[in-house]
Amino acid sequence: MAEPAISADGIRKTYRGAQTPALNGFDLEVPGGMVYGLLGPNGAGKTTAVRILATLMRLDAGRAVVAGHDVSTEAARVRQRIGLVGQYAAVDEILSGRQNLVLFGRLNHLGQARAVSRADELLERFGLAEAGGKPVAKYSGGMRRRLDLAASLIVSPEVLFVDEPTTGLDPQGRQEVWSALRELVAGGTTILLTTQYLEEADQLAHRIAMLWHGRVVSEGTPDELKATIGGDWIDLAFADADQARQALPTVAAHADGEPRTEEHRISVPVRQRTRALIAISTALAADGVEPVEVNLRRPTLDEVFLDLHRKQGDKQEVAA
Amino acid sequence: MTAVLGETWVLARRELTHWRQQPAGVIVNWLFTVMIALMFGGLFGGAIGEDYFDYLMPGMFALTMFFGVEATMTAVSTDAAKGVTDRFRSLPIHSASVVLGRCLADLMNSAVGLVVLVGAAAALGWRWQEGLGRALAAFGLLLLLRFALLWVGIFLGLVVKGPESVTMVQILVWPVGFLSGVFVDPATMPSWLGTIAQWNPLSATAAASRDLFGNPGLIPDHAMLLAALWPLLLTAIFLPLSVHRHRRLGS
Ligand SMILES: Nc1ncnc2c1ncn2[C@@H]1O[C@H](COP(=O)(O)OP(=O)(O)O)[C@@H](O)[C@H]1O
Ligand SMILES: [Mg+2]
């Protein structure tokens, strides 16, 4: 079997002065040549994991191997093989896009002429050829992100870390960054992508690990992940909030988890979709409060994390 | 070694590109000390005496070096805040290159600032009186002070949290500048203020430059020695602190 592009084993990291560890037994195995999504809410430890794997930060305990080299003992070798796109676009705002790429090209030890031609290639490829001469301060969020991506690809890295590439971007910027990332994947680079959005991981990643309080709590393909956690959800909409309130006890009785209500809507997790759907519809019809709209769907990330949160809370209560 | 030099030059040249991209900003910066010199020379010259301008100029040269702290600090903290420092650290370059590039860029900036101010002073009649050799020695001492203050600036840039703290240092720069032998002789100040001003590293460099340029002003004992020792002491303290801070970025 081929060696994984990234492997992390029991990484622990506690920030100076912090009460709880940012990473608490972080394990990860990323096979080469795929986009791997590291999915977690704000504060889960995504950035910490990326910074450790990219040799920017030391780990307290555990071991990590990236592109065949140990991040603790062979940091310089790792750095020759990776690219990093940090959570905030790390480009010089005073310089133009082209000047940035030439600068980073020179720092990757390309000669001046080669650095310039490589900069032009990359500007073209990321749709920045026209804006290449403008100072980065005048770029939109999506353009900065793409420039940031381009700067990480000056010498094709074996492994690319991309930390929350679309957080804070508008839908247009998000689309631009997604298509840039898709193109990279086609090129065969291994990418570790962190995100807070299930949709993004779903769109781009071949496999996903879910990070929760500094530890991977679930791992698999996007479909596997959604299937194992919480099953499906049924959304019901009623004529008004009063009707929804009336229907709630009946709906809750047939649900496999806590229902969530919002004005005239009720959402409930169910394990067996068809059976639950029939049971709820029949019971509501008998009560005389029929929904105006019924929808069966996969859980959203928010629901997945709320579910995890509840389980985590239950465990802590048991422990206490 | 040659790799370090090459990387250092590439990074220093980034600063030159900044000048080209935003010429107004740097030019205003260089002219700022000229304005201060004109203002104080004009305001106090009449009250203090005819040769006040000649007294003031070496102090202004030292002050120009001192103002560089702020420039270094701003550049370092901006790079850290924007993630540019992290990008440099993730590149296969020597970590010394990043710091040396900063050094070279800031020394170039201050040297140009000094040349502009010296040019303006000369146009208004200021002269060095004791030959080119001693004048060059004075410029050497001034740049030595700037070199020492680089490490203070890098340290502060790595310590401060964002642009708000930069503003604070920008304000603090003034009392430190005034409480020195830059504008007036510390001997004329109330005694406790005078003592503080006497011990201000700026005073030593200002006094030694006056001596070397042959400009008026009482030259305290050991001015030359202090002007050499102060920067070395500052470097001995702040260079290791900066290196330590830089290492701590990764912990
Ligand atoms: N420099 C720091 N000092 C102290 N605590 C930090 C620092 N950076 C992050 N943390 C904490 O570590 C945890 C993980 O943060 P982070 O890795 O940034 O999460 P994410 O990227 O998933 O949002 C959070 O609780 C955060 O508050
Ligand atoms: Mg983060």
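A note on names: the letters A, B, ... follow the listed sequences, proteins ahead of strands, and every chain is numbered from 1.
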- [ ] Would you please say whether a donor-acceptor pair under 3.5 Å links the side chains of B:Arg89 and A:Thr55?
- [x] no
Residues, nucleotides or ligands: over 12 heavy atoms within 6.0 Å of [X] [atom1]:
| X | atom1 | result |
| --- | --- | --- |
| A:Arg81 | CZ | yes |
| A:Gln172 | CD | no |
| A:Glu124 | CD | no |

With rounding to the nearest 0.5 angstrom, report the [atom1] to [atom2] distance, [X] to [Y].
| X | Y | atom1 | atom2 | value |
| --- | --- | --- | --- | --- |
| A:Asp92 | B:His18 | CG | NE2 | 3.0 Å |
| A:His109 | B:Leu91 | NE2 | CG | 9.0 Å |
| B:Phe88 | A:Leu103 | CZ | CG | 5.5 Å |
| A:Leu107 | B:Glu7 | CG | CD | 7.0 Å |
| B:Gln21 | A:Lys134 | CD | NZ | 13.5 Å |

Are any of the side-chain heavy atoms of [X] and [Y] separated by less than 4.5 Å?
| X | Y | value |
| --- | --- | --- |
| A:Gln99 | B:Arg14 | no |
| A:Asp148 | B:Arg87 | yes |
| B:Thr17 | A:Leu95 | yes |
| A:Arg77 | B:Pro92 | no |

[X] versus chain B, heavy atoms under 4.5 Å apart: side chain, backbone, both or neither?
| X | value |
| --- | --- |
| A:Ala75 | neither |
| A:Arg51 | side chain |
| A:Asp60 | neither |

- [ ] Search all heavy atoms of B:Gly83 against all heavy atoms of A:Ala90 and return the closest pair with its distance.
- [x] O-CB, 3.1 Å
Task: Closest-packed option against chain A by number of heavy-atom pairs under 4.5 Å, given B:Ser97, B:Ser90, B:Gly25 - done: B:Ser90
Open item on the list: Please identify, among B:Ile93, B:Leu11, B:Asp86, B:Thr78, the residue contributing the most non-hydrogen atom pairs under 4.5 Å to chain A.
Closed with: B:Asp86
Task: For chain B, the option from A:Leu84, A:Leu59, A:Val155 that forms the most heavy-atom pairs under 4.5 Å - done: A:Leu84
